[in-house]
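Notes to accompany the following structure.
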Amino acid sequence: MNESQETKITAFGRTELAQMYFPSLCPEAAWHKLRQWITINPALCHLRQLRRRTFTPAEVRLIYSQLGEP
């Protein structure tokens, strides 16, 4: 990503973010895969408990810092 895209972190729906990481998977499978990655990462596992369907910009920034940008 170029520098202007890196600084523009916004809220994402969980499936939308998952499909950015796994574009070849169907939405449901992409979310399950991202959820697995979140669950096994100690810095992200607290996000597994969220009941909402979106990640805040701060949560997206944390995910990017742990998993890399999609």
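Below, each value reflects all heavy atoms present in this structure, side chains not excepted, and no hydrogens, waters or symmetry copies.
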side-chain contact (heavy atoms from CB on, under 4.5 Å) against E16, all qualifying residues, sequence neighbours excluded
F12
Could you list the residues that satisfy side-chain contact (heavy atoms from CB on, under 4.5 Å) with T56, not counting sequence neighbours?
R52, A58, E59
Between atom OG of S65 and atom CG of L44, what is the distance when rounded to the nearest 0.5 Å?
7.0 Å
Should L62 and F55 be marked as a side chain to side chain contact (heavy atoms under 4.5 Å, CB included) after you check the CA-CA gap, both sets of side-chain angles, and the distance that decides it?
CA-CA 10 Å; L62 178 61; F55 291 113; over 6 Å; no
Going from CG on N41 to CD1 on I63, what distance comes out if it is rounded to the nearest 0.5 angstrom?
9.5 Å
Do any side-chain atoms of residues 25-39 form donor-acceptor pairs under 3.5 angstrom with protein atoms, and if so which ones, sequence neighbours left out?
from: H32; atom 1: ND1; to: R35; atom 2: NH2; distance (Å): 2.6
from: T39; atom 1: OG1; to: R35; atom 2: O; distance (Å): 2.8
from: T39; atom 1: OG1; to: R48; atom 2: NE; distance (Å): 3.1

Residues in side chain to side chain donor-acceptor pair (under 3.5 Å) with R53, at least two apart?
none
Please give me the minimum heavy-atom distance between A11 and P57, naming the atom from each residue.
N-CG, 3.6 Å
Determine, step by step, whether L17 and Y64 satisfy the side chain to side chain contact (heavy atoms under 4.5 Å, CB included) criterion, reporting the C-alpha distance in whole Å, the side-chain angles of both residues, the deciding distance to 0.1 Å, and the verdict.
CA-CA 10 Å; L17 184 61; Y64 284 3; 4.0 Å; yes
